[in-house]
Number of protein chains: 2
Amino acid sequence: MATRTRQSQRRRQMLTRERIVETAVELLDASGDGALTVRALTTRLGTGPGAIYWHIGNMDELLDAAADAVIAAALTTPRDETATTQPDGAATTHLDRAAATPQDEIRAVALGLFDAVAEHPWLAAQLALHITRNPWGPVTLRIFESIGRPVSTLGVPQADWFTTTSTLVHYILGATAQTSQSDEPAAQTETGRAEFLAAASKAWRDLDPDEYPFMRAIADQMREHDDREQFLTGINLVLTGITTTHHPPTDP
Amino acid sequence: MATRTRQSQRRRQMLTRERIVETAVELLDASGDGALTVRALTTRLGTGPGAIYWHIGNMDELLDAAADAVIAAALTTPRDETATTQPDGAATTHLDRAAATPQDEIRAVALGLFDAVAEHPWLAAQLALHITRNPWGPVTLRIFESIGRPVSTLGVPQADWFTTTSTLVHYILGATAQTSQSDEPAAQTETGRAEFLAAASKAWRDLDPDEYPFMRAIADQMREHDDREQFLTGINLVLTGITTTHHPPTDP
DNA sequence: ACCTGAACACCGTTCAAGT
DNA sequence: ACCTGAACACCGTTCAAGT
């Protein structure tokens, strides 16, 4: 059902770079980081390794393409929930994105990335690796542009655009990397998450008091915290730092 | 010269977990990420794979141990250069660390990590991976404690210690990950770096104006920026956000 | 307790050969 | 132009056997 081509067999569906990337994302989503192998792709697509390499250079390039595809989708599809808690206006349907403040726009982009990583746990490690290995590849470029555009309407002097945007992007990527749920399905469930937090919290309380006094002091906060909320708080801290530093124009 | 044991042959020097980790760091420093293999270790240490695995569980554990060793060294050895530009006082030699403001302390720790990554380029990717895979392992714990301690003396309400410290740590790790020089020796030299920046800057100016107006606008800043200085500016932005949000005690 | 070294299962990638 | 599939070089890891 819902097919454009007449064949139902996936084997005869014509092999294309796009289809390979798509299958790669499926494999990564289903079974995590180590599941994307050339062999897995060939069996899933019904071909041989040579066919894969005809379309895609090498494995790292495929990983990059998979990340880029997911990131692009996350950045172009605006989330329907708003970043800040505010009255839900049924009338603000069509130009909501344009009407939002730069801060709201930044929060929306950041949360889009956060949620994309939550949906695709492999993306965290992949993003982190991509950033160190290819800091200015298409993935980083897209993110930078999405954050930089609202930054440029924030009252920051143009000479500081690059540094300011860098700070936001670095925070966002660092936070999503560390915050991402573990790849194992055990940690995905609600109770699994709670058990993990409880275990970590207890581990911190049992640390050597001389070596780790701070970690012991915040063990309780760790157990009770919400990742997404903490992420937003962090964004707001950085935004406050930016607007404070460049004492914003107090009126239009 | 400068030996404690009498044998000059490294082969008969007794195999220990410590020595394996040490050799791992040497291999990583010398030839980057992909150079650390069991085979390379065995030839370098004059043993077989079984001997390695008697001491170290598996390869990921060794990578973690290597990162932990380098991070621990970076965090305990205070850098002699000061974070902010200020008159060099020849008298402030012994209690300098204790006398500094919390902000200075945070800057010092952050720069210590930044410089550690600069000295050990493999550390960036390793840190990033470690953080997503084992967010509360010894490496992250150490960094968190080092940042959290000064945060706790910053006037931030205790209930916000965890979130505030998280924000700083996430920024620091994200920034060091993206900022780290490429692993290839070509990019390590001064001129190689300049060429890289010029190439990236030009690439940005040639981007599609409709899709990437912001990146085109900041292409020049990219070419002229200094990574370390930008890193410090980012730290200061976050610190400003923190102190502004918790309107600091205006007097002692 | 500590180490040896052959063996296993599994990678990514290449390439002559086909269509 | 696009695909096949055997083959290559290289991994991490295990394990019976030695000392």
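Chain naming here is simple, since letters A, B, ... match the order of the sequence lines and numbering starts at 1 in each.
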(request) Please determine, for the side chain of Thr47(B), which listed nucleotide (dG5(D), dT4(C), dT13(D)) has the closest atom? (result) dT4(C)
(message) From the set dG5(C), dA7(C), dT14(C), return the single nucleotide nearest to any side-chain atom of Arg39(B).
(response) dA7(C)
(message) By nearest atom, which of the nucleotides dT13(C), dT13(D), dC3(C) is closest to the Ala51(B) side chain?
(response) dC3(C)
(message) Quick check on DNA chain D: between Trp54(A) and Thr37(B), whose nearest nucleotide comes earlier from the 5' end?
(response) Trp54(A)
(message) Rounded to whole Å, how long is the line connecting atom CG of Asn58(A) with atom P of dA9(D)?
(response) 20 Å
(message) For the backbone of Phe162(A) and the side chain of Thr165(A), can you confirm whether one donor and one acceptor N or O come within less than 3.5 Å of each other?
(response) no
(request) Measure from CE on Met14(A) to C1' on dA1(D) and round the result to the nearest Å. (result) 12 Å
(message) Can a side-chain donor-acceptor contact be found between Thr132(B) and Gln178(A) if the only test is distance below 3.5 angstrom?
(response) no
(request) Search all heavy atoms of Ala74(B) against all heavy atoms of Gly112(B) and return the closest pair with its distance. (result) CB-O, 4.0 Å
(request) When you get a sec, tell me which of dG12(D), dC11(C), dC3(C) is the closest nucleotide to the side chain of Met59(B)? (result) dG12(D)
(message) Could you tell me how far apart Ile56(A) (CD1) and dC3(D) (P) are, to the nearest whole angstrom?
(response) 13 Å
(message) Heavy atoms from C-beta onward define the side chain here; which of dT14(D), dG12(C), dC3(D) lies closest to that of Val38(A)?
(response) dG12(C)
(request) Could you check how far CD1 of Ile20(B) sits from P of dT13(D), rounded to whole Å? (result) 13 Å
(request) Give the rounded distance in Å between these two atoms: CG of Leu41(B) and P of dT13(D). (result) 12 Å
(request) Figure out the CD/C1' separation between Glu61(A) and dT13(C), and round it to whole Å. (result) 14 Å
(message) Counting neighbours of CD on Glu61(B) that are heavy atoms of other residues, nucleotides or ligands and sit closer than 6.0 Å, is the number greater than 12?
(response) yes
(message) Under 4.0 Å from OP1 or OP2 of dC3(D): is there any side-chain N or O of His55(A) that close?
(response) yes
(request) Rounded to the nearest angstrom, tell me the gap between atom CG in Leu15(A) and atom P in dG5(D). (result) 14 Å
(request) Name the pairing partner of dA7(D), where a pair is Watson-Crick or G-U wobble with both distances under 3.5 Å, or state none. (result) dT13(C)
(message) By the 4.0 Å heavy-atom rule, please label Leu36(A) as base, sugar-phosphate, or nothing.
(response) sugar-phosphate
(request) Please state whether the rings of Trp136(B) and Phe144(B) are parallel, tilted or perpendicular, taking 30° and 60° as the class boundaries. (result) perpendicular
(request) Round to the nearest Å and state the distance from Ile52(B) atom CD1 to dG12(D) atom P. (result) 11 Å
